[in-house]
Amino acid sequence: MATTRQARTVWEGNLAQGKGLITFDSSGIAEQPVTWASRAEEANGKTSPEELIAAAHSSCFSMALSNGLTKAGTPPTKLTTQADVTLVPGTGITGVHITVQGEVDGLDEADFVKAAEDAKANCPVSQALSGTSITLSASLA
């Protein structure tokens, strides 16, 4: 069954001095402020599209890796995944780096890295970002 999730942003003002408020309609989680400065400079307590992409990618990757490991008979005890999304103002998003550390009984490092590479290639967010360079560092705890 297909699912659709909704979020919306109300933006006021121009790019440099304006501000927005992101509402997560589907989940009802807290609204988040966003500004150009929080995107191109320091976060200062506000989010950015790149941080939201990083959240989406780290969670999607974790689910894909957990599923792959479980199907292979080595379900993870814990996966800690970080996604770093790089924005170059005037150029755009130039890359994503995923770092994952896993606790998986009965699995060696090489097989963990292989499973992580598969998750990187096949998670839906990785596929949506296929035009962007995605790199991976994977290790067992």
* Nearest-0.5 Å distance that lies between atom CD in Glu51 and atom CG in Asp84 -> 11.0 Å
* Structure fact -> Rounded to the nearest 0.5 Å, the CG atom of Asp118 sits from the CG atom of Leu69 at a distance of 9.5 Å
* Structure fact -> Of Thr132, Val125, Leu136, the one forming a side chain to side chain contact (heavy atoms under 4.5 Å, CB included) with Val96 is Thr132
* Which heavy atom of Ser59 sits nearest a heavy atom of Ala55, and at what distance? -> OG-O, 2.9 Å
* **Nearest-0.5 Å distance that lies between atom CD1 in Ile134 and atom NE2 in His97** => 12.0 Å
* **Check: Thr35 and Asn44 side chains under 4.5 Å, non-hydrogen atoms** => no
* Could you pull out the closest heavy-atom pair between Val100 and Ala116, with the gap in Å? => CG1-CB, 4.3 Å
* Check whether more than 12 heavy atoms from other residues, nucleotides or ligands sit under 6.0 Å from atom CG of Asp105, and answer yes or no. => no
* Find out if a path of hydrophobic residues (ILVMFWY) with successive side-chain heavy-atom gaps under 4.5 Å connects Val113 to Leu140. => no
* Asked: Taking C-beta and beyond as the side chain, do Leu65 and Phe112 meet within less than 4.5 Å on heavy atoms?
  -> yes
* Give a yes or no on whether Gln127 atom CD has more than 12 heavy-atom contacts from other residues, nucleotides or ligands under 6.0 Å away. => yes
* Asked: Under 4.5 Å between any side-chain heavy atoms of Pro49 and Val34, yes or no?
  -> yes
* When rounded to the nearest 0.5 angstrom, what distance separates OG1 in Thr74 from CG in Leu107? -> 4.5 Å
* Looking only at non-hydrogen atoms, find the nearest pair between Asp108 and Asp111 and report the distance. => OD1-N, 2.8 Å
* Asked: Is any side-chain N of the basic residue among Lys120 and Glu117 closer than 4.0 Å to the acidic one's carboxylate O?
  -> yes
* To do: Working to the nearest 0.5 Å, report the span between CG of Leu87 and CD of Glu50.
  => 4.5 Å
* Donor-acceptor pair, Trp11 side chain versus Gly13 backbone, under 3.5 Å? -> yes
* Is there a side-chain contact between Thr80 and Ser62, using heavy atoms and a 4.5 Å cut-off? -> no
* Asked: For the side chain of Ser26 and the backbone of Gln6, is there at least one donor-acceptor N/O pair under 3.5 Å apart?
  -> yes
* To do: Flag yes if Phe61 and Leu52 sit in one hydrophobic cluster, no otherwise; membership is Ile, Leu, Val, Met, Phe, Trp, Tyr, and two members link when side-chain heavy atoms are under 4.5 Å apart.
  => no
* Asked: Do you know the tightest heavy-atom contact between Ser38 and Ser48?
  -> O-CB, 3.9 Å
* Any donor and acceptor pair, going by atom type alone, linking the side chain of Ser126 with main-chain N or O of Asn122 inside 3.5 Å? -> no
* Rounded distance (nearest 0.5 Å) linking atom NE2 of His57 with atom OG1 of Thr81 -> 10.0 Å
* Structure fact -> In short, Trp36 meets Pro89 closest at the heavy-atom pair CZ2-CB, 4.0 Å
